[in-house]
2 protein chains.
Amino acid sequence: MTRAAGTRAPASDEASAAAETPGCGDTGFGAYVVEAQAGFLLRRAHQRHAALFQEMMGARALTPTQFTALIKIVECGTVTQNRLGRLAAMDPATIQGVVRRLIARGLVQRDSDPGDRRTHVLRASPAGLELARQAVACATEITTATLAPLAPEERPLFLSLLGKLI
Amino acid sequence: MTRAAGTRAPASDEASAAAETPGCGDTGFGAYVVEAQAGFLLRRAHQRHAALFQEMMGARALTPTQFTALIKIVECGTVTQNRLGRLAAMDPATIQGVVRRLIARGLVQRDSDPGDRRTHVLRASPAGLELARQAVACATEITTATLAPLAPEERPLFLSLLGKLI
DNA sequence: CAGGGATTGTTCGTATACAAATAATTATCC
DNA sequence: GGATAATTATTTGTATACGAACAATCCCTG
């Protein structure tokens, strides 16, 4: 994470220099250091992963959520939109937009369900299936890159702890 | 994380039942399981933290980013907007909106800098300072709640590993 | 001191993320 | 079988998050 000083990047290394950044002294918050809190670190780690994902996914141009949704659709073969949202951990309002963009790119198709007139059935198109296969290979490298700062033996431990945070 | 089946919640427990959700068989992705990847877990952990934050911050109605920005302003006494963004790990475009909302709530004030006509100097208002003090106490509990699923001895370890992911 | 490069803040467009409200439909229960 | 509850999908509004482009200003170097 060595970045030039004048970048438009979201977080300069200043954000890691917890305690005493010049001009920013202690102001009576006791031992509370924002940069050391779980929430702050989760946000930054998530930011970094998203950046890695975008960079490494490259021309495939899938966002993390689009990728997750597409994979889940392929795994299910056929899903309903809200159920897909639950599988992919997305709000009905959020999954709506994600699916709309996947359909707009021709990666997913949507058929009406004769058994339930409320829903539409989602299914991956051939192009979507092909892209999914390529993306999975790429995503494996993205996971590796995300965990790269950890020693190999720390990685499963970290994932196990992270997984407990539901 | 025991939630009723029909909630509007972003992620039902279905999203944790990795391998074999009924109707969603293996479709040739080999050993790749989305729900076990670092990115997916980071996104969910971040979501959960944000939900805890909103719930526990309650009437104070600060979002995690607003809280971070406010704390950083108080710590610095006086900051420039972009510099604040770097300290709080936010894009210039993002910090702009965060600061605008803090100003709209009267928690932060903005004065022009005679030494540099590009910038404005940010400073916490008395109300902002008071809210910051209350919020820090609350945020400490939020961190505890976030890490609650971990055994006490696992918590510093987890934070240390998470911190390595920059 | 002049001119090029860097920095600051803003705006626009896109993509999550979620609460809340809504209409349409299905499921349940008395 | 009919009222009620639940579910599905959509829409609106708000809040991150970031790339890209921009004008104003500063800084530095020649």
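Throughout, protein chains are lettered first and strands after them, A, B, ... in sequence-line order, and every chain is numbered starting at 1.
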Self-check item: Candidates C/dT16, D/dA17, C/dC12 - which lies nearest the side chain of A/T65
Solution: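 Minimum distance to the A/T65 side chain belongs to C/dT16.
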
Quiz item: Where the side chain of B/Q47 is defined as all heavy atoms beyond and including C-beta, which of D/dA15, C/dA17, C/dT11 is the nearest nucleotide?
Solution: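 Looking only at side-chain atoms, B/Q47 lies closest to C/dA17.
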
Exercise. For A/D116 and for B/Q96, find the nucleotide of DNA chain C with the closest heavy atom, then tell me which residue's nucleotide is more 5'.
Key: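 Its nucleotide being nearer the 5' end, the pick is B/Q96.
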
Quiz item: Does A/T94 or A/P114 map to a spot on DNA chain C nearer the 5' end, using the closest nucleotide for each?
Solution: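 Here A/T94 is the residue nearer the 5' end.
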
Which whole-number value in Å describes the distance from [X] [atom1] to [N] [atom2]?
{"X": "A/D91", "N": "D/dT10", "atom1": "CG", "atom2": "C1'", "result": "12 Å"}
{"X": "B/N82", "N": "C/dT10", "atom1": "CG", "atom2": "C1'", "result": "10 Å"}
{"X": "A/R43", "N": "D/dA15", "atom1": "CZ", "atom2": "P", "result": "16 Å"}
{"X": "B/I103", "N": "C/dT10", "atom1": "CD1", "atom2": "C1'", "result": "13 Å"}
{"X": "A/I95", "N": "C/dA15", "atom1": "CD1", "atom2": "P", "result": "14 Å"}
{"X": "B/M57", "N": "C/dC18", "atom1": "CE", "atom2": "C1'", "result": "18 Å"}
{"X": "B/R100", "N": "D/dT14", "atom1": "CZ", "atom2": "P", "result": "11 Å"}
{"X": "A/D113", "N": "C/dT26", "atom1": "CG", "atom2": "P", "result": "9 Å"}

Quiz item: A/T143 and side-chain contact (heavy atoms from CB on, under 4.5 Å): which partner among A/T140, A/L147, A/T146?
Solution: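 Single side-chain contact (heavy atoms from CB on, under 4.5 Å) partner of A/T143 among A/T140, A/L147, A/T146: A/L147.
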
Quiz prompt | From CA spacing to verdict: side-chain contact (heavy atoms from CB on, under 4.5 Å), B/L162, B/L42 | solution = CA-CA 10 Å; B/L162 184 56; B/L42 282 173; 4.2 Å; yes

Quiz item: Is a donor-acceptor contact shorter than 3.5 angstrom present between the side chain of A/R117 and the base of C/dT25?
Solution: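 No pair found.
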
Quiz item: Can a side chain N or O of A/Q81 be found less than 4.0 Å away from OP1 or OP2 on D/dT10?
Solution: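 For D/dT10, OP1 or OP2 has a side-chain N or O of A/Q81 closer than 4.0 Å.
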
Quiz item: Reckon B/T63 has a side-chain N or O less than 4.0 Å from the OP1 or OP2 of D/dT16?
Solution: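 Checking B/T63 against D/dT16: at least one side-chain N or O falls below 4.0 Å of OP1 or OP2.
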
Self-check item: Nearest-nucleotide comparison on DNA chain D, the residue closer to the 5′ end among B/R118 and A/H120
Solution: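 By nearest-heavy-atom nucleotide position, the 5'-most residue is A/H120.
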
Practice problem: Find which nucleotide of DNA chain D each of B/H46 and A/T119 is nearest to by heavy atoms, and output the residue with the more 5' nucleotide. | Solution: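 Upstream on the strand: A/T119.
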
Practice problem: Please say whether more than 12 non-hydrogen atoms of neighbouring residues, nucleotides or ligands are located less than 6.0 Å from CD in A/Q54. | Solution: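 Result for CD/A/Q54: open.
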
Practice problem: Please determine if B/E75 and B/K72 form a salt bridge, counting it only when a charged side-chain N lies under 4.0 Å from a carboxylate O. | Solution: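 Result for this pair is yes, salt bridge flagged.
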
Self-check item: Sidechain-backbone polar pair: B/Q134 side chain, B/L131 backbone, donor-acceptor under 3.5 Å
Solution: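 Answer holds: no.
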
